[in-house]
Enquirer: 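After the structure tokens below, expect a handful of questions from me.
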There are 2 protein chains.
Amino acid sequence: MENVTIRMLAERLQLSTATISKALSNSHEISEETKQRVLALAAELNYVPNPYASSLRKKSSHTIAVVIPEVADSFFAEAINGIESVAQEKGYHVLIYLTHESFAKEEAILKDFQSGRVDGVLISVTTETSAAAHGLTQLVKEIPVVFFDRVCEEVTAARITTDDANAAYNATTHLIAGGCRNIGLLSASRQLSISNRRAEGFRQALADHQLPLTPASILYCSNDPAATQQLLQTALQQNHYDGLIATTEKLATAVYLACEELSLAIPGDVQVIGFSNLSTARFLQPSLTTVSQPAFDMGHAAATVLFKALKSSSFPLQEQQQVIPSSLIIRNSTKSGL
Amino acid sequence: MENVTIRMLAERLQLSTATISKALSNSHEISEETKQRVLALAAELNYVPNPYASSLRKKSSHTIAVVIPEVADSFFAEAINGIESVAQEKGYHVLIYLTHESFAKEEAILKDFQSGRVDGVLISVTTETSAAAHGLTQLVKEIPVVFFDRVCEEVTAARITTDDANAAYNATTHLIAGGCRNIGLLSASRQLSISNRRAEGFRQALADHQLPLTPASILYCSNDPAATQQLLQTALQQNHYDGLIATTEKLATAVYLACEELSLAIPGDVQVIGFSNLSTARFLQPSLTTVSQPAFDMGHAAATVLFKALKSSSFPLQEQQQVIPSSLIIRNSTKSGL
DNA sequence: TTTATTTACTTAACCGATTAAGTAACACGG
DNA sequence: CCGTGTTACTTAATCGGTTAAGTAAATAAA
């Protein structure tokens with residue numbers, strides 16, 4: 001059985017395809033009676049419009065893209081959840097692209113969007129993405145783009161972030177209050193703005209408490225788990241940190257693993273804070289003190305802002321800057337201040 | 001600046017659009033010299049073909065859909081990872097749809113696929129999906145469909161699953177060996193085939209060890225976390241289980257929470273096994289004995305099979321049935337057999 | 001009664017790429 | 001020298017909706 005098209009409906013009802021199209025879109029040009037007949041036949045024949053024909057003509061795809069480094073991370077998974085909830089409500093489709101932290105992949109993906117495949121893009125950039133992100137610069141000129149969490153500061157676009165500097169400041173202060181004097185910050189990137197913001201908050205907190213910032217204070221980890229593990233173990237042995245802040249979920253788990261390997265007690269030998277949305281954080285051994293990011297809300301907010309721009313081209317999308325606060329949830333991997 | 005089209009290239013080079021199209025697809029009908037000129041201009045003008053024009057004409061979208069209950073679950077997140085790795089390699093695009101365990105939503109999503117929006121579908125059905133899944137029955141007649149993990153047994157289609165019955169049998173046996181005599185199975189659905197398979201393995205193990213199967217042996221939990229929590233606590237108080245098997249990741253966490261609330265020691269009072277892919281399982285308090293599913297591999301396998309069908313219509317997709325083994329990883333939430 | 005307007009359509013162009021069918025120019029075998 | 005291929009294109013139809021522009025008939029206004 002062939003696919004049912006508007007032309008078939010037209011022939012059966014002895015009407016023009018234009019009439020069918022207008023009837024289906026509830027145009028005022030069509031009589032109530034005709035609309036009913038069209039709708040009835042469409043339902044009977046199980047007519048489903050071809051989205052690509054429509055997209056081609058209307059130059060809009062009713063589809064958005066989500067570009068993220070990875071999906072097996074509870075932050076991104078929850079963010080997708082938030083995005084999808086809005087998209088589903090608006091009847092939009094969601095294309096997912098994973099960059100696996102590769103800038104080259106990201107550029108290739110973004111280039112494809114110049115084809116009109118998607119009406120808008122929600123993106124959290126890779127750890128490698130830098131100012132010279134040509135694809136991004138180009139993209140924001142062509143379609144609505146919203147950054148969430150990992151923004152590219154050099155590019156003017158809407159941004160949904162958390163209070164990274166603040167969160168890091170508070171986390172650091174919490175460790176200091178718990179007695180730490182030699183704190184290490186595990187960072188995922190040198191160029192990522194959220195990494196730098198977190199480092200900034202960290203530095204500020206150290207400074208405010210007259211603690212020194214040494215080259216060993218900030219550890220830049222790569223995207224390779226094995227290398228990170230190696231780096232971590234070496235650093236832990238050399239520097240005898242008494243506090244660690246893991247700025248990504250993967251790094252938090254890596255710290256637990258490294259401490260296990262080196263038989264370091266948490267929080268006895270090292271206190272640990274993780275930026276994470278792990279639902280299991282409270283059941284970890286020891287339960288993990290976390291900077292918990294509003295992942296779902298950020299995804300939701302990002303999508304909401306994007307759809308406002310899609311609805312009205314006069315919406316000042318590029319000016320949208322929302323900072324959604326994260327919260328420090330204190331558990332047993334850190335010692336409460338005395 | 002307008003979007004660059006094939007027609008613009010044609011005008012600039014004083015060629016027909018047909019020539020451009022063929023040159024771009026490296027047709028033998030076009031001279032090498034012309035191909036070079038076309039490619040050069042395309043690169044210069046940054047030409048990106050309109051995917052929807054192409055899809056409309058070719059009746060293929062180079063897009064697949066992934067339909068899953070949720071994304072904030074490490075099994076599904078990893079499965080997406082596996083799927084995406086194959087899709088990216090093949091140059092396909094991935095649309096994500098979340099059903100949130102709602103059968104109605106699932107049906108609506110599947111109906112849309114009759115439009116030709118996607119070339120193929122990878123699906124893990126909802127806990128509500130039953131034999132009367134009209135949308136599914138219809139869909140498999142129209143485009144290639146591959147079930148992964150949660151299959152709908154009444155529908156004839158390719159299936160990528162784990163050895164659910166076996167895994168549950170082994171998990172149960174492990175608990176019995178550890179001294180459990182009153183084991184509860186926490187199930188997510190009455191109709192889901194994987195749930196039933198797991199229940200089957202569970203029952204078989206009980207029978208093989210002369211342990212009774214009571215109405216309290218299998219606990220059917222809903223999709224509502226609060227209700228599940230309530231149910232769990234009540235059941236734990238009434239039945240004094242000495243062993244529990246949580247057949248989903250969410251249920252495993254729920255058990256930990258309930259035990260904490262009721263001050264039940266794991267594994268002292270209750271031993272616990274979870275079906276889960278949590279990377280943090282080994283760091284939980286106590287570390288969680290898991291039936292670890294090959295989530296990435298299942299996604300990878302499902303996508304691989306789907307693409308074989310997309311490449312060759314003679315590929316016997318519906319006969320594809322792969323069972324990828326899961327593994328029981330014994331940790332401290334259960335007692336090893338003496 | 002005549003003109004203007006509204007209603008309910010139809011016609012045909014269009015979105016941008018693909019492709020079946022056609023063609024002109026040239027080469028080559030017999 | 002003719003017929004048959006081959007090469008390298010072009011023409012035009014097509015995919016399935018959408019929409020600007022047109023039209024005939026009915027209704028309202030002048």
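First the proteins, then the strands, lettered A, B, ... as listed; each starts at 1.
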Enquirer: Kindly write out the residues that satisfy salt bridge (charged side-chain N to carboxylate O under 4.0 Å, His left out) with B/Glu128, not counting sequence neighbours, or none if the list is empty.
Expert: none
Enquirer: If we fit an axis to the first five pairs and another to the last five of the helix from C/dT1-D/dA30 to C/dG30-D/dC1, what angle do they make, to the nearest 10°?
Expert: 50°
Enquirer: Determine which pairs satisfy ring-ring contact (aromatic ring centres under 6.0 Å, His included) with at least one residue from residues 28-48 of chain A, sequence neighbours left out, and list them in order.
Expert: none
Enquirer: Regarding A/Ser16, tell me which of base, sugar-phosphate or nothing describes its non-hydrogen contacts under 4.0 Å with the strands shown.
Expert: base
Enquirer: Any side-chain hydrogen bond (donor to acceptor under 3.5 Å, both in side chains) pairs touching residues 295-308 of chain B, not counting sequence neighbours?
Expert: B/Ser85-B/His300
Enquirer: Near DNA chain D, which residues from residues 50-62 of chain B have a heavy atom under 4.0 Å away?
Expert: B/Leu56, B/Arg57, B/Lys59
Enquirer: Taking all atoms of both residues into account, what is the closest heavy-atom pair of A/Met8 and A/Asn3, and its distance?
Expert: SD-O, 3.4 Å
Enquirer: If you look only at pairs with a residue in residues 118-149 of chain B, which of them pass as a ring-ring contact (aromatic ring centres under 6.0 Å, His included), with sequence neighbours excluded?
Expert: none
Enquirer: Along DNA chain C, 5' to 3', what are the outermost nucleotides having an atom less than 4.0 Å from a heavy atom of chain B?
Expert: C/dG16 to C/dA21
Enquirer: Taking only residues at least two apart or on different chains, which pairs with a member in residues 72-92 of chain A satisfy ring-ring contact (aromatic ring centres under 6.0 Å, His included)?
Expert: A/His62-A/Tyr92, A/Tyr92-A/Phe307
Enquirer: Once rounded to the nearest 0.5 Å, what's the spacing between atom CD1 of A/Ile80 and atom CD1 of A/Ile68?
Expert: 3.5 Å
Enquirer: What pairs with B/Thr34 under side chain to side chain contact (heavy atoms under 4.5 Å, CB included), at least two apart in sequence or on another chain?
Expert: B/Leu15, B/Thr19, B/Ile30, B/Ser31, B/Val38
Enquirer: State the CG-OG distance between A/Leu95 and A/Ser61, to the nearest 0.5 angstrom.
Expert: 8.0 Å
Enquirer: Output all residues satisfying salt bridge (charged side-chain N to carboxylate O under 4.0 Å, His left out) with A/Lys22, sequence neighbours left out; order by chain, then residue number.
Expert: A/Glu29
Enquirer: Take atom CZ of A/Arg7 and atom P of D/dT18, then tell me their distance rounded to the nearest Å.
Expert: 14 Å
Enquirer: Return the residues of residues 18-29 of chain A meeting this criterion: a heavy atom under 4.0 Å from some atom of DNA chain C. Order them by number, or give none.
Expert: A/Ala18, A/Thr19, A/Lys22, A/Glu29
Enquirer: According to side chain to side chain donor-acceptor pair (under 3.5 Å), who are the partners of A/Tyr97, at least two apart in sequence or on a separate chain?
Expert: B/His93
Enquirer: Grab the two heavy atoms, one from B/Pro69 and one from B/Thr99, that are nearest each other, plus how far apart they are.
Expert: CA-OG1, 3.1 Å
Enquirer: With a 4.5 Å cut-off on side-chain heavy atoms, are A/Pro316 and A/Gln320 touching?
Expert: yes
